[in-house]
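Side-chain atoms are counted along with the backbone in the values below, which use heavy atoms only and exclude waters and symmetry mates. Please read all numbers here as calculations on a predicted model, not as lab measurements.
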Amino acid sequence: MNRRRRQDRSSRRQASRPLRAVPYAGLRNPFPPMCVFSEDETAAIHDTALRVLEELGIRILLPRAREILAASGAQVDGETVRLDRGLVREALAAAPGEITALGGSPERTLRFGGMNVTFSAVGGAPYAMDLDRGKRPGSLEDYRTMVRLCQSFDVIHMLAAAPEPQDVEPAFRHLETSRVQLYESDKLPTVYARGTEQVRDCFEIIRIARGLERDEEFTDRVWCKTVINTNSPRIIDRPMARGIIDFAEVGQLVVVTPFCLSGAMAPITVSGALMLQHAEALAAIVLGQCTRPGAPMMYGSFCSNVDMKSGAPAFGTPEHVKSLLGSGQLARHVGLSWRSAAGTGANLVDAQATYETHASLWASIMSGSDLVLHAAGWIEGGLSASFEKFIVDVEMLQGFAELFQPLAASGPDLGFDAVAEVEPGGHFFAAAHTMERYETAFYEPLVSDRRNFGQWQEAGSLSATVRANALWKQVLRDFEPPPFDAARREAIDEFVERRTAEGGAPPVA
């Protein structure tokens with residue numbers, strides 16, 4: 001019975017699978033990056049950020065982090081650390097410009113830098129949202145749903161960490177989310193930096209899952225990533241400083257991302273906010289490189305503006321777009337791969353959610369971003385992870401992936417024989433050139449409905465959001481996890497049970 005069900009699901013997938021085969025893994029951006037600053041202006045932003053680090057400094061709240069920086073020549077005065085530009089220059093020279101990260105199978109290998117493009121779904125949201133149950137605190141089942149959706153679409157290249165399962169106590173949450181990521185997907189997992197003990201637990205689960213017996217098998221390659229946010233303006237708090245050290249020591253990927261909102265936590269001008277973002281990112285990168293020279297670290301940007309009437313973060317705005325383009329210039333100026341982010345402040349999956357997300361995605365692509373976080377499922381300013389929004393965003397991401405594909409413009413592709421075959425005033429529907437290519441010529445959408453009004457009305461007058469609701473449910477019904485070694489699963493379960501019995505690991509403030 002189970003085998004018959006699997007065969008039935010496989011037949012349904014095969015029947016619905018489009019003949020067009022375009023690779024959505026290993027994407028490369030063929031477009032030259034757009035710029036909003038001249039080279040001199042970019043250099044001036046960089047130089048001013050160095051002045052901030054030299055003259056004003058940055059508060060680093062973790063004593064161990066200050067000790068590491070002091071040993072490397074930084075000037076430490078209480079919690080304030082000043083970094084001279086020579087130290088920054090040495091750190092940037094040590095940090096790799098290109099990074100390779102490994103999933104659970106060779107086809108899941110990711111490369112950052114060199115105009116490679118990687119998309120990740122929404123991360124960090126405490127709430128889940130869908131049309132059936134509305135907004136609610138995220139659960140472990142919601143988390144599993146998002147991981148399965150991420151696994152099901154090749155245009156999503158790595159895992160995020162949302163919605164946070166509020167039904168699991170914080171001391172055990174990292175254990176359960178790690179199991180879900182590794183059992184339900186073979187893509188690169190995310191680990192939150194919430195204290196050394198939690199991080200070490202997650203590292204151990206990943207070691208077991210990937211069959212890594214020797215320390216150097218883990219430390220010499222990237223098996224997971226974390227995101228480090230500075231506490232703007234000019235603070236790196238204890239958990240984030242500890243996370244930089246924990247990940248750098250064992251060679252795992254640190255994505256350094258200041259969260260600078262113009263007019264709130266940063267100067268109100270785009271250039272001023274980017275200058276502060278740059279200074280904070282450089283400070284965190286210096287800490288990582290002083291911990292372990294050559295540690296894989298990525299320059300991150302999450303710079304936008306606030307609504308000056310409400311104070312709420314705004315995304316997909318002209319200022320957000322300009323900030324992304326400028327961030328790309330700054331990352332290239334210091335020779336690092338970098339992450340951007342899509343986003344919207346909309347509270348449901350509507351036109352605002354779509355055009356704001358599309359604007360930020362387009363800016364991420366045209367700024368030369370290597371990693372686009374929150375590219376699918378982000379809503380409500382990042383407070384919620386929406387399953388319908390995930391599907392709508394995947395539609396947009398696949399559209400971008402199609403744009404990356406090269407165009408043929410020689411021989412039969414130019415269509416001379418087709419034009420010769422069709423009489424003036426005729427049509428090309430039945431032309432040989434069309435009949436040979438019609439099944440694979442065009443992108444087949446996930447959500448878009450291209451029928452005329454009458455046909456659409458007869459089919460139920462369904463909106464894109466309602467169609468997305470049906471699609472994510474179908475994806476879950478058809479989902480089959482990737483193969484996972486039974487002995488490794490047993491070892492992980494034993495480890496989680498032991499750590500749970502020991503009380504887990506509460507997050508450290």
Keeping [X] on the side-chain end and [Y] on the backbone end, is there a donor-acceptor pair under 3.5 Å?
{"X": "His374", "Y": "Ser120", "value": "no"}
{"X": "Thr190", "Y": "Leu159", "value": "yes"}
{"X": "Glu176", "Y": "Val168", "value": "no"}
{"X": "Lys187", "Y": "Ile156", "value": "yes"}
{"X": "Asn229", "Y": "Thr257", "value": "yes"}
{"X": "Gln198", "Y": "Tyr192", "value": "no"}
{"X": "Ser360", "Y": "Gly343", "value": "yes"}

### Task
With rounding to the nearest 0.5 Å, note down the distance linking CG in Leu102 to SG in Cys224.
11.0 Å
Does atom [atom1] ([X]) have a neighbourhood of more than 12 heavy atoms from anything else shown, all under 6.0 Å?
{"X": "Arg467", "atom1": "CZ", "value": "yes"}
{"X": "Arg200", "atom1": "CZ", "value": "no"}
{"X": "Glu213", "atom1": "CD", "value": "no"}
{"X": "Glu217", "atom1": "CD", "value": "yes"}
{"X": "Tyr127", "atom1": "OH", "value": "no"}

So, are [X] and [Y] salt-bridged, with charged N and O less than 4.0 Å apart?
{"X": "Asp246", "Y": "Arg64", "answer": "no"}
{"X": "Lys135", "Y": "Asp130", "answer": "no"}
{"X": "Glu98", "Y": "Arg111", "answer": "no"}

### Query
Within 45° of the axis and under 6.0 Å from the centre of the six-membered ring of Tyr183, does NZ or CZ of Arg489 qualify?
yes
Which heavy atom of [X] sits nearest to which heavy atom of [Y], and what is that distance?
{"X": "Ile208", "Y": "Arg488", "answer": "O-CD, 3.4 Å"}
{"X": "Val222", "Y": "Leu188", "answer": "O-CD1, 4.4 Å"}
{"X": "Met115", "Y": "Gly368", "answer": "CE-CA, 4.2 Å"}
{"X": "Ala284", "Y": "Val256", "answer": "CB-CG1, 3.4 Å"}
{"X": "Phe390", "Y": "Phe153", "answer": "CE2-CD1, 3.8 Å"}

Report yes if some heavy atom in the side chain of [X] is under 4.5 Å from a heavy atom in the side chain of [Y]; otherwise report no.
{"X": "Tyr299", "Y": "Ser337", "answer": "no"}
{"X": "Pro33", "Y": "Met366", "answer": "no"}
{"X": "Arg148", "Y": "Val180", "answer": "no"}

With under 30° as parallel and over 60° as perpendicular, where do the rings of [X] and [Y] fit, or are they tilted in between?
{"X": "Trp362", "Y": "His358", "value": "parallel"}
{"X": "His157", "Y": "Phe119", "value": "parallel"}
{"X": "Trp378", "Y": "Phe315", "value": "perpendicular"}
{"X": "Phe302", "Y": "Phe259", "value": "parallel"}

#### Entry: Contacts of type side-chain hydrogen bond (donor to acceptor under 3.5 Å, both in side chains), residue Asp370, not counting sequence neighbours
none
### Message
The criterion is side-chain hydrogen bond (donor to acceptor under 3.5 Å, both in side chains); which residues satisfy it with Arg499, sequence neighbours excluded?
### Response
Glu197, Asp201, Glu502
### Message
Pairing donors with acceptors under 3.5 angstrom, does anything connect the side chains of Ser364 and Ser369?
### Response
no
#### Entry: Identified side-chain hydrogen bond (donor to acceptor under 3.5 Å, both in side chains) partner of Tyr143 from the options Glu164, Gln181, Arg173
Gln181
